[in-house]
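Below, chain A is the first sequence line, B the second, and so on; all start at residue 1.
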Amino acid sequence: MTSRTDCSRYRAERAGSTRCRNEGGTAAFFVLRGRRAPFVWKGVSTLSKESYVERITPQDENFSRWYTDVVRGAELADYAPVRGCIVVRPHGYAIWENIQGGLDARFKETGVQNAYFPMLIPESIFAKEAEHIEGFAPEVPWVTHAGGEELQERLGIRPSSETIIGTMFAKWVESYRDLPLLINQWCSVMRWEKATYPFLRTSEFLWQEGHTCHRDEEEARKRAEMMIEVYRDFIEETLAIPVAVGLKSESEKFAGAIDTFTVEALMQDGRALQAGTSHYLGDGFAEVLGIEYLDEDGHLKPVHQTSWGVSHRLIGGLIMVHGDNRGLVLPPAIAPVQVVVVPIYRDDTRDAVLGACEQLEQELADLRVHVDDREEHTPGWKFNEWELRGTPLRVELGPRDLENDQVMLVRRDTGDKTPIPRAELVTTASETLDAIQKDMYGKARKFREDNTHRAESVDELDALMKGERGFVLGGWCGSSECEAKIKAETGATIRCLPFGEHKYGSGTCLSCSKQNVPAVIFARAY
RNA sequence: CGGAGCGUAGCGCAGCUUGGCUAGCGCGCCUGCUUUGGGAGCAGGAGGUCGCGAGUUCAAAUCUCGCCGCUCCGACCA
């Protein structure tokens with residue numbers, strides 16, 4: 001009874017992991033916790049004996065190291081033998097699959113269909129839109145040889161697919177009756193980055209790119225705004241990450257777009273993360289690619305387009321918004337395993353405990369539940385392991401619980417440990433998961449509010465950027481000169497010109513002191 | 001792209017300054033027994049092209065040159 005298929009999956013996933021190290025090292029993935037340093041968590045002090053305990057670099061000691069510790073420790077990703085590329089491991093990929101599932105359903109609700117286009121783009125096609133190729137040229141790898149011969153025409157590896165998809169759209173769109181055309185593809189793209197960082201900036205990354213064609217500007221703009229709203233909804237509801245929604249400045253816009261809408265999140269180190277973008281492309285691509293339709297009035301007109309995407313960077317956002325010094329903390333809605341059951345037994349109680357666990361697993365079948373019945377680890381080891389992996393809820397079941405007809409329920413986000421009567425577990429578990437989801441969003445939202453400041457001058461902005469950082473609201477007159485100057489002096493960029501409920505009124509331009517200009521969000525960005 | 005550092009067993013490191021026997025240590029892994037409510041104990045065991053390529057030398061993990069990769073800190077980007 002102790003072996004089940006999902007169980008062996010978890011075993012396979014863990015193959016090759018290690019978490020301890022010797023005394024005496026310095027820069028390290030896992031740092032030695034000093035002898036007799038008590039492992040303190042929520043008032044629980046343990047491990048008083050001399051023992052080596054793996055530790056993640058604390059966030060406030062070195063946030064970057066903490067981040068990479070979590071990425072590798074939670075087995076989300078590993079470095080690949082290709083420069084700048086990561087391997088997304090099963091646990092990380094399971095999160096990605098849940099992101100895909102949630103977004104894909106939302107896309108389809110708005111009438112979008114999935115398709116797939118080639119990864120290789122002939123140079124002649126890629127080069128058709130001038131701004132587009134100019135923006136991406138430095139980051140595009142080219143295939144020049146194949147079949148043992150030099151190719152007649154170089155093939156670019158897609159950094160984004162506007163041109164190749166548009167080329168196909170030109171064949172498919174003939175009449176206004178073919179519009180709107182709403183297509184999405186899940187794929188990976190490649191951008192040859194100078195400096196890479198797991199999930200946040202890798203040479204190849206997983207994403208989705210939606211591409212749509214419309215009859216006029218109004219309809220296309222509506223679609224671009226609709227999709228940024230889909231992102232906002234998903235990221236806030238499912239990933240429990242609050243975002244600011246707004247418009248990108250000219251310099252931060254997508255190469256070839258008229259307008260770029262963005263959702264911006266704030267990480268725990270006070271830096272901003274662009275979590276998703278949606279572009280109104282105008283008819284620029286349509287003009288050069290010949291995506292034209294015959295309108296009711298008998299005239300041939302170019303379509304108005306949009307494109308929009310999010311990437312596996314969202315996983316980086318999850319880590320940096322919710323994680324703590326014990327590792328990853330996952331919102332229940334996205335967690336591959338929502339409830340882990342850890343049996344605690346001796347030889348004489350083994351069968352009873354494992355039997356009860358199997359029963360729990362059946363009772364909790366509506367949730368994503370996993371019984372960790374591995375023989376080779378102690379319960380304490382498993383507690384740490386599942387906390388590092390971010391599992392929202394843990395159920396502990398041992399002989400004492402059997403006697404009292406109860407289980408222990410432990411929340412990952414707060415560490416709270418509560419005995420629950422067996423009969424109430426199913427209800428309490430799903431209620432607690434709902435509470436965790438809500439509380440995690442609330443906590444992240446409060447963090448953002450506590451770390452959103454106002455600045456009246458470049459000096460004030462600079463002081464904030466040198467200190468605790470965060471979102472800084474300040475006036476901006478709209479000129480690229482002032483934007484560039486502010487960036488040069490403070491390192492902060494304009495994350496967005498907020499709209500909707502995120503508007504913050506007006507102020508004085510931080511750089512040129514022009515009065516009554518809109519307030520925008522400044523931040524150091526990833 | 002600049003500055004700094006690193007690359008020796010699956011992971012973390014020592015050895016390198018001053019070249020020399022069989023390259024060590026901890027964790028992990030394997031076997032056995034005892035264990036199991038916050039990373040268990042004992043015993044035995046397996047595991048290495050010392051990042052890659054040249055060079056110097058009787059002899060290179062160690063010295064020289066080149067290349068590759070990674071990490072951290074700054075400038076550019078989903």
Peer 1: Could you tell me whether A:G398 contacts a base, only the sugar-phosphate backbone, or nothing, with contacts defined as non-hydrogen atoms closer than 4.0 Å?
Peer 2: base

Peer 1: What do you reckon, is CZ of A:R346 surrounded by more than 12 foreign heavy atoms closer than 6.0 Å?
Peer 2: no

Peer 1: For nucleotides B:G5 and B:C58, find the distance between their P atoms and express it as a whole number of Å.
Peer 2: 33 Å

Peer 1: Taking the P atom of each, how far is B:G53 from B:G37, in whole Å?
Peer 2: 49 Å

Peer 1: For A:Y197, answer base if it contacts any base atom (sugar-phosphate contacts may also be present), sugar-phosphate if it contacts only those atoms, and nothing otherwise; contact means non-hydrogen atoms under 4.0 Å.
Peer 2: sugar-phosphate

Peer 1: Over all strands shown, is A:K417 touching base, sugar-phosphate only, or nothing at heavy-atom distances under 4.0 angstrom?
Peer 2: base

Peer 1: Give me the distance, rounded to whole Å, that separates B:G48 from B:C29 when you measure between the C1' atoms they each carry.
Peer 2: 15 Å

Peer 1: Report the C-alpha separation of A:F136 and A:F254 in whole Å, then their side-chain angles, then the decisive distance to 0.1 Å, and conclude whether the ring pair (Phe, Tyr, Trp, His ring centres under 6.0 Å) test is met.
Peer 2: CA-CA 10 Å; A:F136 280 120; A:F254 175 74; 5.8 Å; yes

Peer 1: Check whether any side-chain N or O of A:T277 sits under 4.0 Å from OP1 or OP2 of B:A78, and answer yes or no.
Peer 2: no

Peer 1: Could you measure between the two P atoms, the one in B:A14 and the one in B:A54, and give it in whole Å?
Peer 2: 28 Å

Peer 1: Check the phosphate of B:U71 against A:Y79, side-chain N and O only, distance under 4.0 Å to OP1 or OP2. Yes or no?
Peer 2: yes

Peer 1: Check every strand shown and say whether A:G317 touches a base, only sugar-phosphate, or nothing at a heavy-atom separation below 4.0 Å.
Peer 2: nothing

Peer 1: May I ask you to say what A:P159 touches in the nucleic acid, namely base, sugar-phosphate or nothing, with a heavy-atom cut-off under 4.0 Å?
Peer 2: nothing

Peer 1: C1' atom, B:C50 versus B:C13: distance in rounded Å?
Peer 2: 13 Å

